[in-house]
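Got a structure here, written out as structure tokens. Questions coming.
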Amino acid sequence: MLFSPINRILFLLAGAVLVLSGCLGKESPETELYEVLEKAVKAEKQFEAQQDPLIELETKEKAIFDKIMGLGLKEYSQISTLSDEALEIVEKRKEHIALERQSLEESRKQFEEALTILKEIKKPELKEKAQLLYKTMKDRYETHEMLYKEYMNALDGDRQLYTSLKAKDVSLENLEGQVNTLNEYYKEILEANERFNELTEKYNKEKLDFYELAGLIGEES
């Protein structure tokens with residue numbers, strides 16, 4: 001079985017320091033957009049917190065699977081015990097991926113405010129950069145949703161496989177078919193994860209480019 005360590009590139013959390021204009025009154029659209037983007041970053045803290053636990057659980061499950069594969073089908077008692085351990089891990093992985101998705105959904109809600117604000121930006125170059133980073137972030141959210149769906153499919157497949165392994169009359173052909181299906185799921189997960197990382201990296205760069213052009217970065221913290 002092919003397992004995919006979840007290695008997401010995270011947002012830049014300690015980058016820009018806002019430079020205030022010194023005048024009171026309504027904030028500029030650039031400043032309002034800055035605030036929305038930083039709120040979206042903060043909403044992903046729970047997302048970040050799921051990364052290490054997911055990797056640890058995936059690694060443990062991989063070790064259990066390898067151990068099962070090293071046993072003959074006649075070693076039913078050991079296989080059944082190990083399969084129960086793996087099934088527990090599958091449920092824990094499901095909990096973490098659900099929290100991860102919840103965090104991304106909260107970030108998406110915060111980020112949606114950006115669409116209205118960027119329409120108020122007057123300077124053509126600033127507007128173009130704002131539109132670019134908005135599109136990149138939208139693509140990022142959509143890619144994560146695809147990643148989540150594939151991951152849930154894989155978890156269902158894992159659950160089915162370990163349940164099958166607990167059955168005394170399961171055939172080797174049946175198991176091989178399930179493993180092949182799972183490998184396809186994890187291949188899709190790896191590809192979506194790579195795309196998600198690329199978009200996160202691209203967005204971080206575009207965001208800082210926008211901040212610099214808008215004069216919103218005073219110093220690195």
Side-chain angles (χ1 to χ4, degrees), residues 1-13 40-69 79 82-112 135-167 170 174-204:
M1 190 188 308
L2 175 64
F3 286 84
S4 61
I6 303 301
N7 182 23
R8 318 288 168 73
I9 296 175
L10 304 176
F11 270 161
L12 300 176
L13 295 177
V41 170
K42 291 178 182 178
E44 293 198 19
K45 282 189 175 292
Q46 183 170 250
F47 167 85
E48 297 171 39
Q50 309 314 311
Q51 305 310 299
D52 287 344
L54 270 173
I55 292 172
E56 182 179 352
L57 288 169
E58 289 172 348
T59 302
K60 285 182 178 179
E61 188 180 331
K62 174 68 164 55
I64 291 174
F65 177 79
D66 288 344
K67 193 170 183 178
I68 290 174
M69 291 298 99
I79 290 175
L82 290 169
S83 294
D84 282 336
E85 292 178 18
L87 285 167
E88 289 180 7
I89 292 176
V90 168
E91 292 308 309
K92 290 178 182 178
R93 287 170 61 202
K94 184 177 180 180
E95 292 173 5
H96 283 289
I97 200 68
L99 288 172
E100 180 179 291
R101 186 194 190 203
Q102 179 182 333
S103 180
L104 263 292
E105 283 300 306
E106 179 59 32
S107 176
R108 186 202 290 260
K109 289 178 183 177
Q110 296 285 350
F111 189 77
E112 284 303 320
K135 181 182 184 305
T136 299
M137 190 60 148
K138 291 283 287 184
D139 290 344
R140 179 176 177 270
Y141 290 133
E142 290 171 5
T143 299
H144 185 271
E145 185 63 20
M146 183 188 309
L147 174 60
Y148 170 78
K149 289 177 180 177
E150 291 295 339
Y151 201 91
M152 291 302 292
N153 286 336
L155 288 178
D156 287 341
D158 286 335
R159 190 181 299 106
Q160 182 179 346
L161 175 63
Y162 293 122
T163 300
S164 296
L165 284 165
K166 288 166 57 67
V170 66
N174 181 303
L175 293 175
E176 287 178 345
Q178 291 188 51
V179 169
N180 288 337
T181 299
L182 275 169
N183 282 338
E184 289 301 314
Y185 284 143
Y186 282 106
K187 180 182 177 182
E188 294 295 325
I189 289 171
L190 281 171
E191 291 176 356
N193 192 51
E194 288 176 4
R195 175 63 175 159
F196 180 82
N197 284 343
E198 290 170 359
L199 288 168
T200 300
E201 194 171 58
K202 184 172 183 281
Y203 173 79
N204 283 333

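Just so you know, these numbers come straight off a predicted model, no measurement behind them. No hydrogens, no waters, no symmetry mates; every other heavy atom, side chains included, goes into these values.
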- Task: Walk me through it: do E150 and L147 pass the test side chain to side chain contact (heavy atoms under 4.5 Å, CB included)?
- Result: CA-CA 5 Å; E150 291 295 339; L147 174 60; 5.6 Å; no

- Item | Least distance between heavy atoms, R108 atom then E142 atom | NH2-N, 4.3 Å

- Task: Would you name the heavy atoms of A154 and I189 that are closest together and state the gap between them?
- Result: CB-CD1, 3.8 Å

- Hey, is E112 close enough to K138 for a salt bridge, meaning N to O under 4.0 Å? yes

- Task: Tell me yes or no: between the side chains of N174 and Q178, is some donor less than 3.5 Å from an acceptor?
- Result: yes

- Message: For the residue pair Q110 / E106, report whether a side-chain donor-acceptor contact shorter than 3.5 Å exists.
- Response: yes

- Note on the structure: Of all heavy-atom pairs linking S164 and L175, the shortest is CB-CD2, 4.1 Å

- Query: With sequence neighbours excluded, what pairs up with D139 under the salt bridge (Lys or Arg N to Asp or Glu O under 4.0 Å) test?
  - Reply: K135

- Message: Measuring only between side-chain heavy atoms, which start at C-beta, is Y186 closer than 4.5 Å to N183?
- Response: no

- Can you measure from CD (E61) to CG (L82) and round to the nearest 0.5 angstrom? 12.0 Å

- Note on the structure: Here the gap from L155 atom CG to I89 atom CD1, rounded to the nearest 0.5 Å, amounts to 12.0 Å

- Regarding T136 and K202, is there a side-chain donor-to-acceptor distance under 3.5 Å anywhere? yes

- Message: Using every non-hydrogen atom in the two residues, find where S103 and A43 come nearest and quote the distance to one decimal.
- Response: OG-O, 2.7 Å

- Task: Applying side chain to side chain contact (heavy atoms under 4.5 Å, CB included), name anything that partners E95, two or more places apart in sequence or on another chain.
- Result: none

- salt bridge (Lys or Arg N to Asp or Glu O under 4.0 Å) against E91, all qualifying residues, sequence neighbours excluded: R159

- Task: Salt-bridge test for R140 and E44: reply yes if a basic N is under 4.0 Å from a carboxylate O, no otherwise.
- Result: yes

- Task: Could you tell me the separation between the CD atom of E198 and the CG atom of N193, rounded to the nearest 0.5 Å?
- Result: 10.0 Å

- Query: For the residue pair F65 and Y162, does the interplanar ring angle fall in the parallel (under 30°), tilted (30 to 60°) or perpendicular (over 60°) class?
  - Reply: perpendicular

